[in-house]
Amino acid sequence: MDPELIGDCVHCGFCLPTCPTYVLWGEEMDSPRGRIHLMKQHVEGTPLTPEMAGHFDACLGCMACVTACPSGVRYDRLIEQTRAEVERTQVRSLQERALRALIFLLFPYPRRLRAMRLPLRLSAGLRRRIAPRLERISPSLAAMADLAPPVSARVRLPRRVAARGEHRATVGMLTGCVQGEFFPQVNAATARVLAMEGCEVVIPPSQGCCGALSLHSGRPEQAKRLARRMVATFERAGVDTVVVNAAGCGSTMKEYADILDGEWAERARAIRAVDLSEYLVALGPAARRHPLPLTVAYHDACHLAHAQGIRSQPRALLAAVPGLRLREIAESSICCGSAGTYNLLQPEAARDLGDRKAERVLATGADLLVSANPGCTMQITSAIRRRGAEPIPAAHIAQVLDASLRGLAEVR
């Protein structure tokens, strides 16, 4: 934990109303400034106790406090450093160690996720029925059963997608782990949209994980290993710009030069990671937009809005679609509770935040929920389903643009 970063906090309290756990519980030690106070105690010699670790574990890492802080406190770096310290020093229960081992042996590996597709497809109805019983045994297992999305048909993407019309750029595309295996239609739509806007799209096979989940969960060495592999993958592909359609992945890839050391940091600087919305707005439109008569509620993913500062670009892209009406979601800056693995490791708090977000999404009366992160999509649709409300379909912004550019009658 960096004492200089800790010293930047003046304990003004501007972070309090933006912090999801403080909003839920009103507990000072579960606010950013409260956690920074605990960090300060530790660097000054206080042992890191299980109680202190519990307050750090309860943080979502959503970075809303970073946006709100007038002093520029880098809480994002502080909580990453602190979580690494927690993982080094704390002995967790056998059940929690087993859960964390399962998560990090599965989620950062696309091939292992791919092996889960058939069991998930076959067990869809059963999982819904047994979730209440699982809740009594293990809330985390119940959350896993409830969050898993319907498994769609696999989409095999080519290594290259040619630009349509005038060639304007050549870019790489990240396929991601959860995005690639459980939301393949999002990647397919992303590649089509980029191609229709004049981009040749290079899609390296066997990309692996970007390291986001590991970095945000106190596993920096695993994150560095995965980051080096990702840098090497896109170097071999011969691209210097990588378009990313998952907020958490994009946030981490933009930090590669800070995460890595020496030669690898320099190699990471030579590859620019950009969010899809960010890239398309900077590129400017070339393809014709066809009307989509929809009312859309746009959800700000935390690692897009807070970590990357990307808020206006998705809204600008949606507003440019003829016939589309954009509705804002109340408390848009408050996390939905997904936060990478948070909804598996802290299922009760995640559920409360998911229910809160679902209520505000439904209040918009929108026909479609649009997000830019697969975790958010799973979390919010799961919460809406729990409420027993009329389900609202969810889509990625790439799917909305794809439907408009292709002149489709509905978003797929």
Side-chain angles (χ1 to χ4, degrees), residues 149-150 152-153 155 157 161 163-166 168 171 173 179 182-199 201 243-247 274-301 304-305 310-330 332 336 357-358 360-374 376-378 380-381 384-385 389-412:
S152 56
V155 177
L157 296 173
V161 179
R164 298 190 188 178
E166 179 189 356
R168 304 171 73 195
V171 297
M173 191 184 95
Q179 191 85 288
F182 295 114
F183 297 94
Q185 68 276 17
V186 173
N187 282 340
T190 300
R192 285 193 298 266
V193 168
L194 287 168
M196 285 186 281
E197 292 290 17
C199 299
V201 187
V243 175
V244 186
N245 60 19
V274 290
D275 177 71
L276 174 66
S277 298
E278 175 186 26
Y279 186 76
L280 290 176
V281 167
L283 184 68
R288 178 189 171 194
R289 271 69 174 156
H290 297 86
L292 269 180
L294 284 173
T295 301
V296 165
Y298 174 71
H299 164 69
D300 281 298
L304 196 62
I310 295 173
R311 299 178 184 82
S312 63
Q313 295 94 324
R315 290 172 169 83
L317 291 172
L318 291 170
V321 174
L324 187 146
R325 300 171 298 280
L326 184 60
R327 297 272 175 87
E328 293 294 335
I329 301 170
S332 62
C336 68
K357 184 66 69 173
R360 279 130 183 93
V361 169
L362 291 170
T364 66
D367 306 315
L368 181 72
L369 169 67
V370 175
S371 175
N373 199 57
C376 299
T377 299
M378 290 188 290
I380 299 172
T381 54
I384 291 174
R385 187 171 58 245
E390 185 70 24
I392 174 173
H396 192 282
I397 190 169
Q399 294 171 278
V400 176
L401 294 175
D402 180 49
S404 176
L405 294 181
R406 294 165 68 196
L408 302 180
E410 59 182 16
V411 177
R412 300 175 184 172

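Values below: all heavy atoms of this structure, side chains included; hydrogens, waters and symmetry mates excluded.
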Participant: Would R315 and E328 satisfy salt bridge (charged side-chain N to carboxylate O under 4.0 Å, His left out), going step by step from the backbone distance to the final call?
Facilitator: CA-CA 10 Å; R315 290 172 169 83; E328 293 294 335; 2.8 Å; yes
Participant: Which heavy atom of V201 sits nearest a heavy atom of A191, and at what distance?
Facilitator: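 In this case the closest contact between V201 and A191 is CG2-O, 3.9 Å.
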Participant: Taking the side chain as C-beta and beyond, is there a heavy-atom pair between R412 and Q399 under 4.5 Å?
Facilitator: no
Participant: Supply the atom-to-atom distance L276 CG to H396 NE2, rounded to the nearest 0.5 angstrom.
Facilitator: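 Spacing of CG (L276) from NE2 (H396) equals 6.5 Å.
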Participant: So do L324 and T295 actually touch side chain to side chain, heavy atoms under 4.5 Å?
Facilitator: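 No, side chains not in contact.
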Participant: Is there a donor-acceptor contact under 3.5 Å from the side chain of R289 to the main chain of S404?
Facilitator: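 The answer is no, because no donor-acceptor pair under 3.5 Å joins these two groups.
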Participant: Does some side-chain heavy atom of V244 sit less than 4.5 Å from a side-chain heavy atom of V274?
Facilitator: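 Side chain of V274 against side chain of V244, heavy atoms only: no contact under 4.5 Å found.
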Participant: Give, for atom CD1 of I310 and atom CG of D275, the distance between the pair rounded to the nearest 0.5 Å.
Facilitator: 4.5 Å
Participant: Tell me whether R164 contacts the main-chain N or O of A195 through its side chain, where contact means a donor paired with an acceptor under 3.5 Å.
Facilitator: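 Judged by distance alone, no pair lies under 3.5 Å.
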Participant: If you apply the rule side-chain hydrogen bond (donor to acceptor under 3.5 Å, both in side chains), what do you find for N187 with Q179, and how did you get there?
Facilitator: CA-CA 7 Å; N187 282 340; Q179 191 85 288; 5.0 Å; no
Participant: Do L368 and V400 have side-chain heavy atoms sitting under 4.5 Å apart?
Facilitator: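 Heavy-atom side-chain distance check passes, below 4.5 Å.
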Participant: Please find the pair of heavy atoms, one from I392 and one from A366, that lie closest to each other, and give the distance.
Facilitator: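 What the structure gives for the nearest pair is CD1-O, 3.4 Å.
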Participant: Might you point out which heavy atoms bring I384 and P391 nearest each other, and give the distance in Å?
Facilitator: CG2-CA, 4.3 Å
Participant: Take C199 and V161, measure what side-chain contact (heavy atoms from CB on, under 4.5 Å) needs, and give me the verdict at the end.
Facilitator: CA-CA 8 Å; C199 299; V161 179; over 6 Å; no
Participant: Applying side-chain contact (heavy atoms from CB on, under 4.5 Å) to H290 and L405, what does each step give before you reach the verdict?
Facilitator: CA-CA 6 Å; H290 297 86; L405 294 181; 5.7 Å; no
Participant: Roughly how far, to the nearest 0.5 Å, is CD of Q313 from CD1 of I397?
Facilitator: 10.0 Å
Participant: Please step through side-chain contact (heavy atoms from CB on, under 4.5 Å) for the pair M378 and F183, ending with a clear verdict.
Facilitator: CA-CA 10 Å; M378 290 188 290; F183 297 94; 3.6 Å; yes
Participant: Decide yes or no on side-chain contact (heavy atoms from CB on, under 4.5 Å) for V296 and R325, but give the supporting numbers first.
Facilitator: CA-CA 6 Å; V296 165; R325 300 171 298 280; over 6 Å; no
Participant: Flag the pair Y298 / P314 as yes when at least one side-chain heavy-atom distance between them is below 4.5 Å, and no otherwise.
Facilitator: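 With C-beta onward as the side chain, the pair touches.
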Participant: Could you report the tightest heavy-atom contact between A394 and T377, atom names first, then the distance?
Facilitator: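 What the structure gives for the nearest pair is CB-CG2, 3.8 Å.
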Participant: Locate the shortest heavy-atom distance separating L157 from A188; write the atom from each residue and the value.
Facilitator: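 Looking at all heavy atoms of both residues, the closest pair is CD2-CA, 3.9 Å.
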Participant: Measure across A247 and N373 and return the closest heavy-atom pair with its distance rounded to 0.1 Å.
Facilitator: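 That would be N-OD1, 3.0 Å.
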Participant: Would you mind reporting whether V370 and L326 have side-chain heavy atoms less than 4.5 Å apart?
Facilitator: no
Participant: Nearest 0.5 Å, what's the CG-CG distance between D367 and L294?
Facilitator: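 If I round to the nearest 0.5 Å, the distance is 5.5 Å.
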Participant: So how far is it from R168 CZ to E197 CD, rounded to the nearest 0.5 Å?
Facilitator: 6.0 Å
Participant: How long is the span from the SG atom in C336 to the CZ atom in R360, to the nearest 0.5 Å?
Facilitator: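 If we round to the nearest 0.5 Å, C336:SG and R360:CZ are 13.0 Å apart.
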